[in-house]
Protein chains: 2
Amino acid sequence: MPRSAEQKKRSRQRILKSAFKLFTEQGFENTSIDQIMHHAGLTRGAFYAHFASKSDLYQQAILNAAAGSYVVRRKPQHLDNKAWIETLLSSYLSRDHVENREAACPLAFLTTDIATREPEVRNTYTKIYKKLNNLIHQHTQTYSNCSETNLLAVTAMMIGGVAISRALNEQETVDQVLEACKRAAQTLLSET
Amino acid sequence: MPRSAEQKKRSRQRILKSAFKLFTEQGFENTSIDQIMHHAGLTRGAFYAHFASKSDLYQQAILNAAAGSYVVRRKPQHLDNKAWIETLLSSYLSRDHVENREAACPLAFLTTDIATREPEVRNTYTKIYKKLNNLIHQHTQTYSNCSETNLLAVTAMMIGGVAISRALNEQETVDQVLEACKRAAQTLLSET
DNA sequence: GTCTATAGAAAGATAGAC
DNA sequence: GTCTATCTTTCTATAGAC
């Protein structure tokens, strides 16, 4: 790859990352292109060499974030499926996640924002949502014959738990909610 | 109350209702004061006779919506607590709710939007969230000794289920999610 | 590809007439 | 209290130099 193309790819990646961070912290409409570009160490004018529009960027940023988050996380060799699912639940339903200190899940951080956007964005959301369900399904079926129903309930609880926690204004309640979701998820995943 | 005050109250109520509808459909930033006032049958200029700012309106609209929604819904005489909770779950986790055809729950419709707003708004969210938990707690304790943990997990699943459903772009999946949450909620509420 | 400069549109908030 | 008119700011998107 020629140097300039290499450079462009790096810039693009920086923009995507900055964009997702700001979108999750402030929402789509509260985040300006100017802000994103400055955060990425560039200026406004360079934006349109990478993306067609702000809305285009939104989709790309969500996809990019999903590609580096839970939905594609790989199980380490030394853990069995059950232990790994517990790890996944623990880190998903954690304060670190809620407070956006590690790879934020777009499913939980952008839910209602995405619900009000165009169909293409909602398609992207649907795709990622299915990936998360598949990921958990694949790792639970070896040790439990948990139903499809319980699986869907668990992901709704994970996403809901994190989304609510971000909106709440009391740390104590947040901790209770996260803990409750973790326990209930494990119960549901080991039932038939 | 003098006629003019009566009139003002009616206008205010119309504005609150229009605002909440548009906020849930389009999000806070995508909804303009102009739009809200036209929807309420008034013009822009009249807005500031009722509210100090758009942000002020947001809080009032959420409170007003909560006051007319699930969190204060009363059990009809002819139903026992268990039957009523089942009714509540059924209507909360329904397509009618997801598609905003009946009193939308601010907890599910505005979750991530509120997470990015000022502390006062998040305080309002927290208050309403607790009301919903109390409501369910009061009606389940007579027929089940379901734990506080399970209660929190159930409301996370209700809110999460509806929030996700609004973002998804496939009717079939939405129906599955809603049904799954309904069943799992009933299971959790009847466990210790 | 990235920069500065700017066009053009939209929206929050205010002023003053009725 | 509600209206029309307007100030002011902000933002998306484009133009043109390097």
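Quick note on labels: first sequence line is chain A, next is B, and so on, each numbered from 1. In this text, all values refer to a predicted model and were calculated from it rather than measured experimentally.
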remark   = To the nearest angstrom, the OH-C1' distance between Y58(B) and dA11(C) comes to 18 Å
message = Tell me whether the side-chain N/O atoms of S11(A) come closer than 4.0 Å to OP1 or OP2 in dT2(C).
response = yes
ask   = Salt bridge check: are K182(B) and E179(B) linked by an N-O gap of less than 4.0 Å?
value = yes
Of residues 13-25 of chain B, the positions that come close to DNA chain D - non-hydrogen atoms, cut-off under 4.0 Å = none
task = Show your working on side chain to side chain contact (heavy atoms under 4.5 Å, CB included) between R14(A) and S11(A) and close with a plain yes or no.
result = CA-CA 5 Å; R14(A) 279 210 315 282; S11(A) 287; 4.0 Å; yes
task = Give the C-alpha distance, both sets of side-chain angles, the deciding distance and a yes or no for side chain to side chain contact (heavy atoms under 4.5 Å, CB included) between L93(A) and L178(A).
result = CA-CA 5 Å; L93(A) 291 159; L178(A) 294 176; 4.0 Å; yes
task = Indicate whether OP1 or OP2 belonging to dC3(C) is found under 4.0 Å from a side-chain N or O atom of T43(A).
result = yes
message = Could you tell me how far apart H50(B) (NE2) and dA13(C) (C1') are, to the nearest whole angstrom?
response = 16 Å
note = As a check of understanding: the bend across the helix from dG1(C)-dC18(D) to dC18(C)-dG1(D), end axes from five pairs, rounded to 10 degrees, works out to 0°
inquiry  = Taking atom CD as the centre, does E172(B) end up with more than 12 heavy-atom neighbours from other residues, nucleotides or ligands that are less than 6.0 angstrom away?
reply    = no
message = Taking side chain to side chain contact (heavy atoms under 4.5 Å, CB included) as the definition, give me every residue that meets it alongside L79(A), ordered by chain and number, with sequence neighbours left out.
response = P76(A), A83(A), W84(A), T87(A)
Enumerate all atom pairs, one protein N or O and one N or O from nucleotides 16-18 of chain C, separated by less than 3.5 Å.
none

Step-by-step side chain to side chain contact (heavy atoms under 4.5 Å, CB included) determination, T116(B) to F28(A) = CA-CA 10 Å; T116(B) 64; F28(A) 180 78; over 6 Å; no
Residue pair S69(A) / A104(A): nearest heavy atoms and the distance that separates them = CB-O, 4.3 Å
query = Among pairs that include at least one residue of residues 125-134 of chain A, which meet salt bridge (charged side-chain N to carboxylate O under 4.0 Å, His left out), considering only residues two or more places apart or in two chains?
reply = K130(A)-E170(B)
ask   = How close or far is atom P of dG1(C) from atom CD of E6(A), stated in whole angstroms?
value = 13 Å
task = Please state whether the rings of H97(B) and Y70(B) are parallel, tilted or perpendicular, taking 30° and 60° as the class boundaries.
result = tilted
query = Passes side chain to side chain contact (heavy atoms under 4.5 Å, CB included), Y125(B) versus I62(B)? Steps please.
reply = CA-CA 8 Å; Y125(B) 188 93; I62(B) 294 168; over 6 Å; no
remark   = Heavy-atom closest pair (V162(A) atom, A108(A) atom, distance to 0.1 Å) is CG1-CB, 3.7 Å
inquiry  = Can you measure K8(A) atom NZ to dG1(C) atom P for me and round it to whole angstrom units?
reply    = 4 Å
query = Have Q60(A) and D56(A) got a donor and an acceptor in their side chains that come within less than 3.5 Å?
reply = yes
key: Transitive ILVMFWY side-chain link Y48(B) to I15(B), under 4.5 Å   = yes
Quick one: which protein N/O atoms are closer than 3.5 Å to N/O atoms of nucleotides 9-13 of chain D? Pair and distance per line, please.
{"unit_1": "dT12(D)", "atom_1": "OP1", "unit_2": "K54(A)", "atom_2": "NZ", "d": "2.9"}
{"unit_1": "dT12(D)", "atom_1": "OP2", "unit_2": "I33(A)", "atom_2": "N", "d": "3.0"}
{"unit_1": "dA13(D)", "atom_1": "OP2", "unit_2": "Y48(A)", "atom_2": "OH", "d": "2.8"}
{"unit_1": "dA13(D)", "atom_1": "OP2", "unit_2": "K54(A)", "atom_2": "N", "d": "3.3"}
{"unit_1": "dA13(D)", "atom_1": "O5'", "unit_2": "Y48(A)", "atom_2": "OH", "d": "3.2"}

